[in-house]
Amino acid sequence: MELNEDWFDKTKSTQITLNQILNDNEKVLWKGCPKKSSYALSKSLRLMPMALLWALVDFGIILFLIIVYGNTFQAYMIAILIPFFIVHLTPFWMWLFKVLKSSSEMKNTYYLITNQRVICIKGKIPYVDNSLEIKDLKYATLSRDSIDKLLHVGDIFLTSITGVLVLYDIPDCEFMTQRLNKLISNKDKEFVFYKETYVCNHCGSAFDAKLNKCPNCGASKEKTK
């Protein structure tokens with residue numbers, strides 16, 4: 001398939017390009033990113049019930065005080081209560097921060113699988129966060145909790161003699177895990193992920209041409225130029 005080097009350069013500024021990432025004779029077999037709708041949600045959903053309950057209780061107390069005391073509130077009482085509730089809502093602020101941070105990470109996290117490496121790229125000004133050599137990989141395993149199953153994604157753990165790299169919230173994760181293990185077992189041979197590949201013009205993910213929509217963002221399929 002033909003790859004658009006500007007895929008990493010969405011703002012057209014001094015961003016990293018494929019030529020800066022790839023070694024000599026290195027070919028891209030697959031590229032993708034965490035599924036938009038699930039990455040931020042899966043990172044924040046576990047804290048959400050407690051955070052919302054905490055906020056509901058605090059706002060309920062504030063409403064109760066306003067109804068009961070109304071205009072009788074003294075200035076010094078307000079000066080005490082406002083900082084108190086700001087601090088007391090710390091679990092809610094932590095959850096909100098996690099949601100915003102996860103959303104930002106999702107927009108700036110990409111994965112590449114080549115004939116030589118598996119690469120994780122992050123950042124508004126992209127940089128290689130982690131990479132593992134294919135020749136050093138031992139196996140790929142799939143991890144899916146109840147949230148992942150609900151959102152039809154999974155986390156793929158790649159174990160190498162030098163470390164571990166995780167591909168988070170990957171659509172079509174069972175197929176990807178199977179193909180990665182096949183790539184690992186055939187590391188010295190030519191290998192392709194799909195017989196025919198399409199690249200989504202909306203999010204840049206590569207996927208099987210048999211699919212009608214991009215599994216990452218849901219956009220209708222458009223043939224790779």
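Position 1 is the first residue of the sequence, and the numbers go up from there.
- T162 pairs by the side-chain hydrogen bond (donor to acceptor under 3.5 Å, both in side chains) definition with S160, not counting sequence neighbours.
- Contact check for V118 versus L137: side-chain heavy atoms found under the 4.5 Å cut-off.
- Linking Ile, Leu, Val, Met, Phe, Trp and Tyr whenever their side-chain heavy atoms come within less than 4.5 Å leaves L53 and F97 in two separate clusters.
- By the 4.5 Å heavy-atom criterion applied to side chains, W30 and M176 are counted as neighbours.
- The nearest pair of heavy atoms linking P91 to A51 is O-CB, 4.0 Å.
- Going from atom CG of L89 over to atom CD1 of I62 covers 6.5 Å, rounded to the nearest 0.5 Å.
- From C173, atom SG reaches atom CG of L167 across 11.0 Å, with rounding to the nearest 0.5 Å.
- For residues 78-93, no residue pair satisfies the salt bridge (charged side-chain N to carboxylate O under 4.0 Å, His left out) rule, not counting sequence neighbours.
- Evaluation of the side-chain contact (heavy atoms from CB on, under 4.5 Å) rule for F84 yields H88 as partners, not counting sequence neighbours.
- Taking CD1 from I170 and SG from C33, the interatomic distance works out to 8.0 Å, rounded to the nearest 0.5 Å.
- Taking E174 as the reference, R144 meet the salt bridge (Lys or Arg N to Asp or Glu O under 4.0 Å) condition, with sequence neighbours excluded.
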Report task. Check the pair V164 / L158 against side-chain contact (heavy atoms from CB on, under 4.5 Å), numbers first and verdict last. Result -> CA-CA 6 Å; V164 176; L158 293 164; 6.0 Å; no
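- Checked against side-chain contact (heavy atoms from CB on, under 4.5 Å), E26 has the following partners two or more places apart in sequence or in another chain: L22, N23, T114, N115, Q116, R117, I119.
- Judged as a side-chain contact (heavy atoms from CB on, under 4.5 Å), and not counting sequence neighbours, the contacts of I161 are D136, K138.
- If you take CG on L165 and CG on L132, they are separated by 5.0 Å, rounding to the nearest 0.5 Å.
- By the 4.5 Å heavy-atom criterion applied to side chains, L183 and L29 are counted as neighbours.
- By the rule that hydrophobic residues join a cluster once side-chain heavy atoms approach within less than 4.5 Å of another member, Y139 and F157 end up as members of separate clusters.
- By the side-chain hydrogen bond (donor to acceptor under 3.5 Å, both in side chains) test, S131 is found to be paired with no residue, residues two or more places apart in sequence or in another chain being considered.
- In this structure, I156 is a member of the same hydrophobic cluster as V166, with clusters built from ILVMFWY side-chain heavy atoms closer than 4.5 Å.
- W93 and I61 fall within a single hydrophobic cluster, where Ile, Leu, Val, Met, Phe, Trp and Tyr are joined by side-chain heavy atoms under 4.5 Å apart, directly or via other members.
- Legend: residues meeting side-chain contact (heavy atoms from CB on, under 4.5 Å) with L56, ordered by chain and number and at least two apart, are absent.
- A 4.5 Å side-chain heavy-atom check between I121 and D129 finds every atom pair outside the cut-off.
- The side chain to side chain contact (heavy atoms under 4.5 Å, CB included) test with C120 is passed by exactly one of Y110, Y111, Y168: Y111.
- Looking at residues two or more places apart in sequence or on another chain, you find no side-chain hydrogen bond (donor to acceptor under 3.5 Å, both in side chains) involving D172.
- Remark: L180 CG to F175 CZ distance equals 9.5 Å, nearest 0.5 Å.
- Closest approach of D169 and D148 over heavy atoms only: OD1-OD1, 3.5 Å.
- When hydrophobic clusters are built by joining Ile, Leu, Val, Met, Phe, Trp and Tyr residues whose side-chain heavy atoms come closer than 4.5 Å, directly or via intermediates, I86 is grouped together with W54.
- With sequence neighbours left out, F85 forms a ring-ring contact (aromatic ring centres under 6.0 Å, His included) with no residue at all.
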